[in-house]
Chemist: 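This is the structure, below, for whatever I ask next.
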2 protein chains.
Amino acid sequence: MATGRTHRPATRSRGIPEATVARLPLYLRALTALSERSVPTVSSEELAAAAGVNSAKLRKDFSYLGSYGTRGVGYDVEYLVYQISRELGLTQDWPVVIVGIGNLGAALAGYGGFASRGFRVAALIDADPAMTGKPVAGIPVQHSDDLEKIIEEDGVSIGVIATPAGVAQQVCDRLVAAGVTSILNFAPTVLSVPDGVDVRKVDLSIELQILAFHEQRKAGEESNAEADAAVDAETATAVAPPAPRGATGGSRKGPDGDVPAVMPA
Amino acid sequence: MATGRTHRPATRSRGIPEATVARLPLYLRALTALSERSVPTVSSEELAAAAGVNSAKLRKDFSYLGSYGTRGVGYDVEYLVYQISRELGLTQDWPVVIVGIGNLGAALAGYGGFASRGFRVAALIDADPAMTGKPVAGIPVQHSDDLEKIIEEDGVSIGVIATPAGVAQQVCDRLVAAGVTSILNFAPTVLSVPDGVDVRKVDLSIELQILAFHEQRKAGEESNAEADAAVDAETATAVAPPAPRGATGGSRKGPDGDVPAVMPA
DNA sequence: ATGTCTTTGTGAACGCGTGCACAAAGATGG
DNA sequence: CCATCTTTGTGCACGCGTTCACAAAGACAT
């Protein structure tokens, strides 16, 4: 999973647990594939395997939606596809705006997985005047001056932020002020939003760092002893590069950091 | 966060909980920003706010790494940056290959957040011969025939899959066979890998679907009564579009689905 | 030195999510 | 109509993660 999870207290959403909601799209994907192969029914076991989860978990997840299965048989594929789609709100049209048409924004604009799920790219917005009018993935880019107008006219409630981190918060603020209540954030920053607005974060760098952690684990199973020893006692103070205290000045070579210089936009 | 989480039983990694590991990059980001502003120390409260988490959680997270703070003062920024970097394995160089240089692959290749964290794009690989040799983000694309050779020569252990879903599993198999033990998967498919290999998934479509779910919640707070009633009794059978039973044939218009036709690559 | 004040580090309680294991439900065959 | 077999739906227990709340630790002033 990518990472995101800047949710409100989570919890109640008419009973359906967050963890279950997060898996519904997974089930839906597997079911859609079965549907295309005209498979009429599936058992929890088969579907669970296709979705990559435990079958008990799948059954419990479905139990939150209702009793849609038939004991001794399994689940009706078409029916489940509809029920899950409805539960996720995919039976209606969701206009989406993408702000920040750099490499990533352009990739998102051309992403096929949106249209097939009821999401419609209503507009592409960028702050660069040179981009205005230029078609990306068949959709002309509009200038960010018109952001509010676009949101309101199209009744957009979902916004995707693919701008550099430096301007993400202000873009976010404008989106929210204009009426957007759900945001998918690709910029590497923590966005603060008022209550009632959902933010999900996707951070490529974080995913890689998590992988690196496990990779390091796997690689140095024995060299760990050395590292651990260093941390153990206060000897760490003597061993580790930057002194635990002092060295206030910016001694570290300023790396490109990540606040700016991310995603050309 | 994106979504991914196709982990092994999770659990022990020398004590540090998965949830904590997933937050370390967040803290690191906030700390790096402070470091650039030459801030010498931070309290758990301040840092927590910058990272968007609870201060108690942050302190507990840090407690897994050791006692790096000073009571009454806070944490030494430079020292913490180093400790977290080391824990995440970012003090070493991680060569990464990106397979599938479509819109998304190209965006990833040009992503600034990689280099700044010790990740180095060692190679870009694509199956299209027309792409071979063409520079993307300054790096010449290589043909997938050479995949194994590239992995081995560069000692790559982390691979990024940005291909269409249809070929993701076979690309994954080849990567693993060649020695890759960590995979970041952007293709909308469940990848099966042998034990010892980590897979993290980022699925843009899933993130949007989760947002749509909450959005629907927010929008129809009263129209829910109507929907619930329909599901309640067996009347659902009479109301809902696809009949719970029968209708075996591929009546559904084959939508672009998601197995193929995703990410041009 | 001693007292006060700030902030960490953590014990303990709580809640959510997961997985087992089984009873209930229905299909199917005789 | 009854027996058997399959598969769902769920009660229950367990473990991880989160949060509270506070004692211990150190800085700082007097």
Chemist: Would you mind reading off the distance between A:K57 atom NZ and C:dC16 atom P, rounded to a whole angstrom?
Modeler: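 After rounding, the reported distance stands at 17 Å.
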
Chemist: Is it true that B:E18 and B:R23 make a salt bridge, defined as a side-chain N closer than 4.0 Å to a carboxylate O?
Modeler: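 Not counted as a salt bridge, because no side-chain N and carboxylate O are separated by less than 4.0 Å.
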
Chemist: I need the OH-C1' distance between B:Y64 and C:dT10, as an integer number of Å.
Modeler: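 Value for this atom pair: 10 Å.
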
Chemist: For the ring pair A:Y75 and A:Y68, is the centre-to-centre distance below 6.0 Å?
Modeler: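 They do not qualify: ring centres at least 6.0 Å apart.
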
Chemist: Establish, with yes or no, whether the OP1 or OP2 oxygen of C:dG9 is under 4.0 angstrom from a side-chain nitrogen or oxygen of B:Y75.
Modeler: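 Looking at the OP1 and OP2 atoms of C:dG9, one of them is under 4.0 Å from a side-chain N or O of B:Y75.
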
Chemist: Would you mind reading off the distance between B:R23 atom CZ and D:dG17 atom C1', rounded to a whole angstrom?
Modeler: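 Going from B:R23 (CZ) to D:dG17 (C1'), I get 8 Å.
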
Chemist: OP1, OP2 of D:dT7 versus side-chain N and O of A:S43: anything below 4.0 Å?
Modeler: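 A:S43 to D:dT7 OP1/OP2: no side-chain N or O under 4.0 Å.
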
Chemist: Does B:R59 put a side-chain nitrogen or oxygen below 4.0 Å from OP1 or OP2 of D:dT18?
Modeler: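 No, no such contact exists.
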
Chemist: Rounding to an integer number of Å, can you tell me how far A:E18 CD sits from D:dG17 P?
Modeler: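 Those two atoms, CD and P, are 17 Å apart.
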
Chemist: The side chain of B:A19 lies closest to which of these nucleotides: D:dT18, D:dA27, C:dT18?
Modeler: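 Looking only at heavy atoms from C-beta outward on B:A19, the closest nucleotide is D:dT18.
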
Chemist: Is the backbone of A:E46 close enough, under 3.5 Å, to the side chain of A:S43 for a donor and an acceptor to pair up by distance?
Modeler: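 It does hold such a pair.
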
Chemist: Can you say whether a donor on the side chain of B:R71 sits under 3.5 Å from an acceptor on the base of C:dT8, or the other way round?
Modeler: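 Side chain to base: pair present.
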
Chemist: Is there a donor and acceptor pair, one atom on the side chain of B:K60 and one on the base of D:dG17, closer than 3.5 Å?
Modeler: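 Answer no: no donor N or O sits under 3.5 Å from an acceptor.
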
Chemist: Test ring pair (Phe, Tyr, Trp, His ring centres under 6.0 Å) on B:Y79 and B:Y82 and set out the steps.
Modeler: CA-CA 5 Å; B:Y79 188 56; B:Y82 170 72; 7.2 Å; no

Chemist: DNA chain C: A:D61 or B:A56, which has the more 5' nearest nucleotide?
Modeler: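 Between the two, 5'-proximity favours B:A56.
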
Chemist: For B:T181 and A:K218, run side chain to side chain contact (heavy atoms under 4.5 Å, CB included): C-alpha distance rounded to whole Å, both residues' side-chain angles, the deciding distance at 0.1 Å, then the answer.
Modeler: CA-CA 9 Å; B:T181 46; A:K218 283 182 276 188; 3.7 Å; yes

Chemist: What's the CG-C1' distance between B:L58 and D:dG17, to the nearest Å?
Modeler: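 It works out to 15 Å between those atoms.
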
Chemist: To the nearest Å, give me how far apart CG (B:L47) and P (C:dG9) are.
Modeler: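 Distance, rounded to whole Å: 12 Å.
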
Chemist: C:dA27 C1' sits how many Å from A:D76 CG, rounded?
Modeler: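 The distance from CG of A:D76 to C1' of C:dA27 comes to 16 Å, rounded to the nearest Å.
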
Chemist: Starting from the 5' end of DNA chain C, give me the residue, A:N54 or A:G72, whose nearest nucleotide shows up first.
Modeler: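 That would be A:N54.
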
Chemist: Between P on D:dT8 and OH on A:Y68, what's the gap in Å once rounded to a whole number?
Modeler: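 Interatomic distance, OH of A:Y68 to P of D:dT8: 16 Å.
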
Chemist: Whether A:T70 contacts C:dG26 is assessed here as follows: a side-chain N or O lying under 4.0 Å from the phosphate OP1 or OP2. Is that the case?
Modeler: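 For C:dG26, OP1/OP2 do not have a side-chain N/O of A:T70 under 4.0 Å.
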
Chemist: Can you tell which of D:dG9, C:dT8, D:dA27 lies closest to the side chain of B:S44?
Modeler: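 From the listed options, C:dT8 comes nearest.
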
